[in-house]
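One structure is given below, encoded as structure tokens.
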Amino acid sequence: MSTREEKAKKILEECTHKTVDVVLDPTLFVDSDFYDTLLKGYKCEYLAVKEKYMLAVFYGRKNLSKFRKSAEKLAQKFSLPLKIINVNFGAAAYASNLINDAGPLDFFKLNKKCRMCLY
């Protein structure tokens, strides 16, 4: 069993009574050529061919509207359309310009092609 964070290691060890390793994020084990090969020929349904945009990824519900407003202001400042990958569910998950069903390849493709990214 492994995790990327010391805090999670302590929690998991307390819950499971097993040794948990802290490891590097697996996405950092490979270089950009790996992702280029993985994405070769992949058509992301959320992406126009030469579209310029800002990508924001929201992981938690806390302060979601605050973060969204900040992202919208930043996108407006740089005159970029905003795409948001949202991993929350509930009423807020169905607002405009949210992508609720992006798979791993969509995430990589959107991240690779954006002008600016917020996590």
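Since this is a predicted model, take the numbers as computed values, not measurements.
- Between D36 and K112, at least one side-chain N (NZ, or NE/NH1/NH2) sits under 4.0 Å from a carboxylate O, which counts as a salt bridge.
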For the pair Y35 and N111, evaluate side-chain hydrogen bond (donor to acceptor under 3.5 Å, both in side chains) and give the outcome as yes or no after the intermediate values.
CA-CA 11 Å; Y35 293 104; N111 193 52; over 6 Å; no
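- Atom CG in L47 sits 10.0 Å away from atom SG in C114 (nearest 0.5 Å).
- Between K10 and E6 no salt bridge is recorded (no basic side-chain N to carboxylate O distance below 4.0 Å).
- A distance of 11.0 Å separates NZ in K83 from CG in D106, rounded to the nearest 0.5 Å.
- Taking CG from L55 and NZ from K113, the interatomic distance works out to 13.5 Å, rounded to the nearest 0.5 Å.
- With sequence neighbours left out, the side chain to side chain donor-acceptor pair (under 3.5 Å) criterion links R115 to no other residue.
- Follow the hydrophobic side-chain contacts under 4.5 Å out from I11 and you never reach V22; the two are in separate clusters.
- Between E72 and R68 there is a salt bridge, since a side-chain N of the basic residue sits under 4.0 Å from a carboxylate O of the acidic one.
- No donor-acceptor pair closer than 3.5 Å links the side chain of K109 to the backbone N or O of C44.
- Remark: A75 engages M54, L82 in a side chain to side chain contact (heavy atoms under 4.5 Å, CB included) (not counting sequence neighbours).
- When atom types are taken as modelled, the side chain of D31 and the backbone of D33 share a donor-acceptor pair closer than 3.5 angstrom.
- A donor-acceptor pair is defined here as one N or O able to donate and one able to accept, closer than 3.5 Å; no such pair exists between the side chain of E13 and the backbone of T19.
- Within the 4.5 Å cutoff, no side-chain heavy atoms of L74 are placed close to those of S70.
- With a 4.5 Å cut-off on side-chain heavy atoms, F58 and L118 do not count as touching.
- With values rounded to the nearest 0.5 angstrom, K9 atom NZ is found 11.5 Å from M1 atom CE.
- The same ILVMFWY cluster, assembled from side-chain heavy atoms under 4.5 Å apart, contains both V30 and L105.
- Counting only heavy atoms from C-beta outward, the side chains of L38 and F108 approach each other to under 4.5 Å.
- At least one donor-acceptor pair closer than 3.5 Å links the side chain of Y53 to the backbone N or O of L110.
- Looking at residues two or more places apart in sequence or on another chain, you find a side chain to side chain donor-acceptor pair (under 3.5 Å) between D101 and Y46.
- You'll find the side chain of L12 reaches within 4.5 Å of the side chain of T3, heavy atoms only.
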